[in-house]
Structures are given as C-alpha cells and as structure tokens.
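To start, the structure under review is shown below, and the notes come after it.
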Amino acid sequence: MENRFEVDFLQDVIDFFENVEEKARDKIIFNIHKARKSNDPKLFKKLTNEIWEFRTLYNKKQYRLFAFWDKTKETKTLVVATHGIIKKTQKTPTKEILKAKELMKKYFEKL
C-alpha cells in the first residue's frame with residue numbers, strides 16, 4: 001500500500017525522541033508509518049482546523065506528536081511534526097496546541 005503522505009520532523013521532535021525510552025520511540029515511529037498508510041483516528045487525529053496529532057499508547061503512557069500539513073509542494077503531501085509530549089490528562093493541553101500553531105507559523109515564514 002502506498003503512503004498517503006511524507007513526514008518531516010522539526011528539531012523539537014528530535015529532541016523529544018532523545019528523551020523517551022528507545023522502545024517507546026520505536027513504537028511512535030511504527031505508528032507514524034501505519035498512519036501514513038491508513039486513515040485511522042487512533043493513530044492520527046485532527047485537533048483543530050490546522051493542528052493534528054500522531055497518537056501512541058505504549059506502556060500505559062500516551063505519547064503525542066503535534067503536526068500540521070504543508071501542501072505548498074506540488075510533488076508530495078507533507079505532514080510536519082512540530083513537537084511531542086507525554087500526555088498526563090484526558091484533554092489535550094491548549095498550550096501544546098498553541099505551541100504547535102506558533103511552530104507552524106515560523107515554519108511557513110521561513111519558506
């Protein structure tokens with residue numbers, strides 16, 4: 001099955017990956033690969049008009065990578081992951097969505 005989109009990581013995601021255990025990181029990456037092939041809201045869910053999240057449950061911890069779509073490139077569809085958190089509550093923290101929006105704004109200003 002063909003990938004529906006490509007994924008790019010901003011530096012904050014790379015930093016997040018360095019601070020989570022290896023098996024959790026592997027599971028997050030595995031789920032991103034699955035999300036690229038299927039339309040499953042358990043793996044990739046829309047939070048606002050602009051912000052989405054990659055979702056991973058591993059070892060009773062909820063991992064979230066926030067992301068947005070970059071449709072400026074005509075050749076491929078790109079999802080840009082902005083940053084990650086380990087979620088501690090049911091509700092996604094508003095400050096994390098705002099941070100993702102701010103990182104998205106900076107990303108498009110650089111284009």
In a table with atom names and distances, give each donor-acceptor pair under 3.5 Å that connects a side chain of residues 87-94 to protein atoms at least two apart or in another chain.
residue	atom	partner	partner atom	Å
K87	NZ	Q90	O	3.0
T89	OG1	K91	O	2.8

Can you tell me how far apart [atom1] ([X]) and [atom2] ([Y]) are? Round to the nearest 0.5 Å.
| X | Y | atom1 | atom2 | answer |
| --- | --- | --- | --- | --- |
| K105 | K101 | NZ | NZ | 12.0 Å |
| D8 | F68 | CG | CZ | 9.0 Å |
| L47 | R55 | CG | CZ | 8.0 Å |
| L10 | F66 | CG | CZ | 13.5 Å |

Exercise. Can you list the other members of the hydrophobic cluster that holds V79, where links are side-chain heavy atoms under 4.5 angstrom apart?
Worked result: F5, V7, F9, V13, I14, F16, F17, V20, I28, I29, I32, F44, W52, F54, Y58, Y63, L65, W69, I86

Problem set entry | Transitive ILVMFWY cluster of L43, excluding itself - 4.5 Å side-chain cut-off | none

Problem set entry | Distance-minimising heavy-atom pair for T82 and A100 | OG1-CB, 3.6 Å

For [X], all residues meeting side-chain hydrogen bond (donor to acceptor under 3.5 Å, both in side chains), sequence neighbours excluded:
| X | value |
| --- | --- |
| E109 | none |
| R64 | E53, Q62 |
| K34 | none |
| T56 | N31 |

Exercise. Looking at residues at least two apart in the chain, or sitting in another chain, which of them share a ring pair (Phe, Tyr, Trp, His ring centres under 6.0 Å) with F30?
Worked result: none

Problem set entry | Contacts of type salt bridge (Lys or Arg N to Asp or Glu O under 4.0 Å), residue K99, not counting sequence neighbours | D12

Exercise. Does E102 have any salt bridge (Lys or Arg N to Asp or Glu O under 4.0 Å) partners at least two apart in sequence or in another chain, and if so, which?
Worked result: none

Problem set entry | N/O donor-acceptor pair under 3.5 Å between R4 side chain and T77 backbone | no

Exercise. How would you list all residue pairs meeting salt bridge (charged side-chain N to carboxylate O under 4.0 Å, His left out) that involve residues 15-32, not counting sequence neighbours?
Worked result: none

Seminar exercise, completed: residues 35-45 vs salt bridge (charged side-chain N to carboxylate O under 4.0 Å, His left out), sequence neighbours excluded, gives E6-R36

For this session: Compare all side-chain heavy atoms of L103 with those of Y107 and state whether any distance is below 4.5 angstrom.
Result: no

